[in-house]
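Notes for the one structure printed next.
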Amino acid sequence: MCMNSADLFPCSTFHLALRHRRRSERQSLRVRRLNRRRRSSKEGKGKEKEYLRAKMELKNLRLYRENQIIIKENEKLRKRAHLLRQENQDLLSQLQKKFPHNH
């Protein structure tokens with residue numbers, strides 16, 4: 001008698017057959033995947049290079065766009081920093097006019 005660890009009921013021959021069938025299905029699926037990989041690698045050496053080239057081109061385009069967005073954001077931040085610097089200088093000069101610095 002075998003025991004199922006999940007619910008501790010005796011395993012029937014149906015469960016044993018089902019478990020064996022699942023195992024064999026997984027093994028055959030694995031073999032099919034390996035065969036598919038082997039076939040595609042033999043067939044598509046040129047296609048693989050073309051695919052990688054297109055993939056790299058797409059990635060390059062995405063990085064270029066992201067870079068352009070960062071550059072624009074950087075320009076906005078520089079303008080904002082410049083305006084804040086000017087405002088700070090104006091406020092400092094107003095403060096110095098109200099409270100002259102006498103040594």
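This is a predicted model, so every value here is computed, not measured. Atom set for the values below is all heavy atoms of this structure, side chains included, hydrogens, waters and symmetry mates excluded.
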About how many Å separate NZ of Lys55 and CD of Glu48, when rounded to the nearest 0.5 Å?
-> 10.5 Å
Would you indicate whether Gln86, at its atom CD, is surrounded by more than 12 heavy atoms from other residues, nucleotides or ligands within a distance under 6.0 Å?
-> yes
Between Lys79 and Leu83, is any pair of side-chain heavy atoms under 4.5 Å apart?
-> no
In Å, rounded to the nearest 0.5 Å, how long is the span from CD1 of Ile71 to CD of Gln68?
-> 4.5 Å
Please name the residue in the list Leu63, Leu61, Asn67 that meets the side chain to side chain contact (heavy atoms under 4.5 Å, CB included) test with Arg65.
-> Leu61
Are Glu87 and Asp90 close enough, and set up right, to give a side chain to side chain contact (heavy atoms under 4.5 Å, CB included), and what steps lead you there?
-> CA-CA 5 Å; Glu87 184 181 355; Asp90 291 342; 5.5 Å; no
Would a 4.5 Å heavy-atom cut-off, applied to side chains only, mark Ile69 and Glu66 as touching?
-> no
Rounded to the nearest 0.5 Å, what's the gap from CG on Leu95 to CG on Leu91? Could you check?
-> 8.5 Å
Distance from Met56 atom CE to Arg53 atom CZ, nearest 0.5 Å?
-> 11.5 Å
